[in-house]
Peer 1: 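Quick one: structure below, then a few questions.
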Amino acid sequence: MSDAHRRDHSVRDLLRELFPDTHRELFGQDQSAAPPTLGLYPVADGRLALVHGDQLAEFTPLDPRGNKALHCDLCHYTRSRSEAAVYRVHVGRRLTRYVTLCVGTDSCQRRAGTHGLEQLAGRIFPIEPVTME
């Protein structure tokens, strides 16, 4: 093996790569690692996904009813029915939350900033696991 392709790895590097949970138990969270993911992303069929670290919540849009303006729970702007929508998210076995969000997800997140996203995530997470009994 040539020197160009040879890499020396420490035990710590191998633990981090092969056994991430063991690495966290022994050495704590790696400070050089990227911060946890936090964001609201559009997915298929008009749904949105809220990602916070390793947690994921799926927002399903409801059919629009009425013609009243809506207040976005993320950026706190008042929007018309064409600019905002009401979403349902299941957070537990028998618990559902309803959230109003702007249709323009990217600009809404910029207005809200990280603090606004963290507040929204605090209202949604942790999601109770659904198990069959």
Side-chain angles (χ1 to χ4, degrees):
M1 188 171 189
S2 70
D3 289 334
H5 296 294
R6 186 171 174 251
R7 298 180 84 189
D8 291 326
H9 296 285
S10 70
V11 172
R12 198 173 202 167
D13 293 337
L14 291 173
L15 275 174
R16 182 183 304 119
E17 184 70 29
L18 299 174
F19 306 103
D21 290 333
T22 303
H23 179 269
R24 281 187 213 100
E25 287 175 16
L26 294 175
F27 304 109
Q29 189 69 304
D30 187 9
Q31 299 302 322
S32 65
T37 304
L38 176 63
L40 194 59
Y41 304 98
V43 290
D45 303 330
R47 291 175 291 153
L48 295 173
L50 178 64
V51 179
H52 187 243
D54 59 351
Q55 302 178 87
L56 173 71
E58 185 176 296
F59 293 75
T60 306
L62 300 178
D63 292 331
R65 294 187 184 160
N67 58 0
K68 304 277 187 215
L70 298 172
H71 182 80
C72 179
D73 291 323
L74 180 58
C75 69
H76 299 290
Y77 277 51
T78 302
R79 299 287 182 196
S80 69
R81 274 292 189 177
S82 63
E83 297 174 316
V86 177
Y87 294 87
R88 174 180 38 226
V89 60
H90 296 284
V91 295
R93 180 187 231 173
R94 299 174 82 186
L95 184 61
T96 302
R97 295 211 193 283
Y98 294 90
V99 179
T100 304
L101 297 170
C102 294
V103 175
T105 308
D106 292 334
S107 57
C108 181
Q109 287 186 80
R110 281 193 300 273
R111 285 189 297 271
T114 305
H115 182 70
L117 282 167
E118 287 173 350
Q119 284 186 327
L120 179 64
R123 290 178 50 200
I124 303 299
F125 298 116
I127 292 180
E128 175 184 309
V130 177
T131 58
M132 299 299 287
E133 293 181 1

Peer 1: For H76 versus H71, what's the shortest heavy-atom pair and its separation?
Peer 2: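 Looking at all heavy atoms of both residues, the shortest contact is O-CE1, 3.2 Å.
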Peer 1: Kindly give the heavy-atom pair with the smallest separation between G104 and S107, and that separation in Å.
Peer 2: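 Taking every non-hydrogen atom into account, O-OG, 3.2 Å.
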Peer 1: Between OG1 of T114 and CD of Q119, what distance do you get to the nearest 0.5 Å?
Peer 2: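 T114 OG1 to Q119 CD: 11.5 Å, rounded to 0.5 Å.
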Peer 1: Using a 3.5 Å cut-off and no angle test, enumerate the donor-acceptor pairs between side-chain atoms of residues 58-70 and protein atoms at least two apart in sequence or in another chain.
Peer 2:
{"from": "E58", "atom 1": "OE1", "to": "R47", "atom 2": "NH1", "distance (Å)": "3.3"}
{"from": "E58", "atom 1": "OE2", "to": "R47", "atom 2": "NH1", "distance (Å)": "2.8"}

Peer 1: Locate the shortest heavy-atom distance separating P42 from L48; write the atom from each residue and the value.
Peer 2: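 The pair with the smallest heavy-atom distance is CA-CD2, 3.6 Å.
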Peer 1: Could you tell me whether the side chain of I124 reaches within less than 4.5 Å of the side chain of V99, counting heavy atoms only?
Peer 2: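 They are in side-chain contact.
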Peer 1: Where do E83 and V103 land on the side chain to side chain contact (heavy atoms under 4.5 Å, CB included) test, with the steps shown first?
Peer 2: CA-CA 5 Å; E83 297 174 316; V103 175; 5.7 Å; no
Peer 1: What ring-ring contact (aromatic ring centres under 6.0 Å, His included) pairs are there with at least one residue in residues 83-105, not counting sequence neighbours?
Peer 2: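 Non-adjacent pairs meeting ring-ring contact (aromatic ring centres under 6.0 Å, His included): zero.
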Peer 1: V91 and L120: same hydrophobic cluster, using ILVMFWY side-chain contacts below 4.5 Å?
Peer 2: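 Cluster IDs for V91 and L120 match.
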Peer 1: Where is the tightest heavy-atom contact between L50 and A121, given as atom of each residue plus distance?
Peer 2: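 Taking every non-hydrogen atom into account, CD2-CA, 3.9 Å.
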Peer 1: Do you reckon Y77 sits in the same ILVMFWY cluster as L117, going by side-chain contacts under 4.5 Å, direct or chained?
Peer 2: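 Each belongs to a different hydrophobic cluster.
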Peer 1: Is the shortest heavy-atom distance from the side chain of R111 to the side chain of C102 under 4.5 Å?
Peer 2: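 Yes, side chains in contact.
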Peer 1: Is it possible for you to say whether F125 and V43 belong to one hydrophobic cluster, with membership spreading through side-chain heavy-atom contacts below 4.5 Å?
Peer 2: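 No, F125 and V43 fall in different hydrophobic clusters.
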Peer 1: Let me see the working for V86 and R81 under side chain to side chain contact (heavy atoms under 4.5 Å, CB included), right down to the final yes or no.
Peer 2: CA-CA 9 Å; V86 177; R81 274 292 189 177; 4.3 Å; yes
Peer 1: Counting N and O atoms only, with roles assigned by atom type, does the side chain of Q109 sit under 3.5 Å from a partner on the main chain of L40, one being a donor and the other an acceptor?
Peer 2: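 The answer is yes, because a donor-acceptor pair under 3.5 Å joins these two groups.
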Peer 1: Which pair of heavy atoms, one from A49 and one from L56, lies closest together, and at what distance?
Peer 2: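 Scanning both residues completely, I find the closest heavy atoms to be CB-CD1, 3.7 Å.
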Peer 1: Identify the two heavy atoms, one from A84 and one from R79, that lie closest to each other, and give their separation to 0.1 Å.
Peer 2: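 Smallest interatomic distance, heavy atoms only, reads CB-CB, 3.7 Å.
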